[in-house]
Structure formats: C-alpha cells, structure tokens
2 protein chains.
Amino acid sequence: MRIGELAARAGTTTRTLRYYESRGLLPARRGDNGYRTYDEEDLKLLRQIRTLQDFGFDLEETRPFVECLRAGHPEGDSCPASLVVYRHKLAELDTLIEQLTSVRGQVAAQLARAEAAVPGGPEPKCELGGHA
Amino acid sequence: MRIGELAARAGTTTRTLRYYESRGLLPARRGDNGYRTYDEEDLKLLRQIRTLQDFGFDLEETRPFVECLRAGHPEGDSCPASLVVYRHKLAELDTLIEQLTSVRGQVAAQLARAEAAVPGGPEPKCELGGHA
DNA sequence: CCTTGCCTTGACGTCCGGGTCAAGGCTTAC
DNA sequence: GTAAGCCTTGACCCGGACGTCAAGGCAAGG
C-alpha cells in the first residue's frame, strides 16, 4: 500500500502521514522507486493515532500507544506507559473543565450584573419604558 | 507614564503593549522624544483587556469592552456590544465544557477497561497473583 | 564624559498540526 | 509515445499572543 491509499483508508492526508514520519511516529519502508510502502499493521497504528488525536491527545502523547502496538500487544493501551498517559490526560481534563466551569460562572455573573444596567437584554421586548 | 511603568503596573510586558498598539487596541500618544505616553485611563483600559484575556477571551473580543470604556461608560460591559460578546463566550464555554466532559468520560472508560487487562494499576499493591 | 537604563523600530522565532504550492520522477492505461 | 495521476523533497504559509534579539536614540546620575 502506498501513501495515498493509506491516507484515504484512514481518512487523512498524505501530508499528515509525512508529518507523522518526520516526527518518527510512523516510519515507512521504501520500495525500489523510493515510494513509501505501508501494510495493514501501519493502518492499525494510524487509526490508533487518529482516535487519540480526536480525543485531543497531543501527537507525542500517542507515541506510547503506537509503540505498544508495535511491540505486539493487542491494544495500544495494553502497556503501562499508555495508562500513564490516560491518567495524565484525565487529570488534565479535570483541571481544565474545572477552570472553564469557574470562568463560565464568573462570566455569567458579569453578564447578569451588566444586563441589569443595560436594558439591551436577551430578547427585544423593550415595551417597559416607551409605549410606542 | 511611559511604557515600562504601565507594563509593570498592569503586570504585563512592554512587548505586549506594543503588540496591542499594533492591533489598534491600545494606541498611545507620543512625547516630543517619540516615547509612548500613557495615563491612568489607559491603565484602566489595559486592566480590562487583561481581565478578559485571563478569562480566555481573544484579543479581538476585548475590543468592544475597550471601546465602551473609551466612549465614557463607567464599565467595559456597559454597552450592548460587550453583552453580545459575553453571551457568545458563554455559549462557547458551554459547548467546550460539554465536549471535554464527554471526552473525559470516554477516556475514563478506556482507562478502566485497559486497567482490567494490565495489572499495573494506580497503586502498586500487586499481591493478588504472585505471593512473593 | 561615560555608564546605565529605558526607549524606539524591525524582524525573526515559538508552538502545533498540518495546508499549499513547486518542480520533477514514476507508473499505468491507452 | 503521451497524458493522467500517483509519488518524491523542499520550502513557505496559517493563527494567536506574544518572546527575543539587534541596532541605535534619549535621559539621568556621578
């Protein structure tokens, strides 16, 4: 399988695959003509990367999962190093969600306070002051 | 007041102030020597920007607040345009928090599943299989 | 006068995950 | 043979909010 086919089958682009290779994440064998050659295993690795990326993992954070699969384990998270990343990500998410929730509350409070002063409220039912 | 002092009093850097000026957000008057000159009002505007930035607002999103203050209003959010930004930010935060919470759940589920297979669990009390 | 420290502009670097050419080689089908 | 469609590398572009020089002007103190 060449780069275009792999990209298509994984729903990504050739540029992305070359980028992964440049990061040492998904190296490719080369054919006699210099073309990159991939197999089904690479597709599996790539899908693992993409899944984690969709979850918001950094590229670097997907590395343990890929190496785990490459080491012959059935799943990318069959290795302790992957679990460490999972836990780290969970903690990161918790912190982030907490912060965002806090900010959300503060912004909501500011909005409520400001709306009391400026009648340009949520809905244009401005028939309290002027009757026309 | 010159740029260094303003930066120090607002807890930011001169580079940041020049950047804001380049964006047209916080223009400065100039003294005879070409030095930027600021007053207490600018400090107020700057603090407004910084507060919103800390909340995660884009620079552009702070513009209505700054213009509101510059128009003579007591607060940066005393204008309808600012309220629009508040509401937009709230919606954005809600969406984001929702997504992150969903991801958090999925990651937690993956972790739980993987931990069942790999005994390298949260704490090293591995005295279930081997007794030594 | 000299040093130190603040100021000026301009320009390039950073981080991240790629997108978008450009110029040329290979392959495949007709 | 030739055109289309794949592949190669290299190099620059994106956004956001600045950081980090570089090279030089200006001000204040001794």
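By convention in this document, chain letters (A, B, ...) are assigned in the order of the sequence lines, proteins followed by strands, and residues within each chain are numbered from 1.
Rounded to a whole Å, the OH atom of B:Tyr38 is 16 Å from the P atom of C:dC6. Taking atom CG of residue B:Asp32 and atom P of nucleotide C:dT8, one finds them 14 Å apart after rounding to whole Å. When rounded to the nearest whole Å, the span between OH of B:Tyr19 and P of C:dA11 equals 17 Å. We find that CD of A:Gln53 is positioned 10 Å from C1' of C:dG18, with the value rounded to whole Å. Taking atom CG of residue A:Leu17 and atom C1' of nucleotide D:dC6, one finds them 15 Å apart after rounding to whole Å. A:Arg2 has its CZ atom 8 Å from the P atom of C:dT27, to the nearest Å. Between the CZ atom of A:Arg29 and the P atom of D:dT8 there is a distance of 13 Å, given to the nearest Å. Atom pair B:Arg23:CZ and D:dC18:P shows a separation of 11 Å (rounding to whole Å applied).
The main-chain N or O of B:Ile3 is never found under 3.5 Å from a side-chain atom of B:Thr14 such that the two would form a donor-acceptor pair.
Checked for salt-bridge contact, B:Arg9 and B:Asp42 miss the test: no charged N lies under 4.0 Å from a carboxylate O. With respect to A:Lys89 and A:Glu92, a salt bridge is recorded, a charged nitrogen being found less than 4.0 Å from a carboxylate O. Between A:Glu60 and A:Arg63 a salt bridge is recorded (basic side-chain N to carboxylate O distance below 4.0 Å). Salt bridge status for B:Glu21 with B:Arg36: present, with a side-chain N to carboxylate O gap under 4.0 Å.
Checking D:dA17, C:dT8, D:dC6 against every side-chain atom of B:Arg18, the shortest atom distance belongs to C:dT8. Considering only the side chain of B:Tyr35, C:dT8 comes nearest among D:dG19, D:dT8, C:dT8. Taking every side-chain heavy atom of A:Thr16 into account, C:dG18 is the closest of C:dC7, C:dG18, D:dT9.
A donor and an acceptor atom never sit less than 3.5 Å apart when one is taken from the side chain of A:Tyr20 and the other from the base of C:dG17. Interface remark: the B:Arg15 side chain does form a donor-acceptor pair with the D:dT20 base, using a distance-only criterion of under 3.5 Å.
At C:dG17, none of the side-chain N or O atoms of A:Arg50 fall inside 4.0 Å of OP1 or OP2 (strictly under the cut-off). Of the side-chain N and O atoms in B:Thr13, one or more sit less than 4.0 angstrom from OP1 or OP2 of D:dG19. Contact between the side-chain N/O atoms of A:Asn33 and the OP1/OP2 oxygens of D:dC7 is not found at any separation under 4.0 Å.
Heavy atoms of B:Arg30 sit under 4.0 angstrom from primed sugar atoms or phosphate atoms, though from no base atom.
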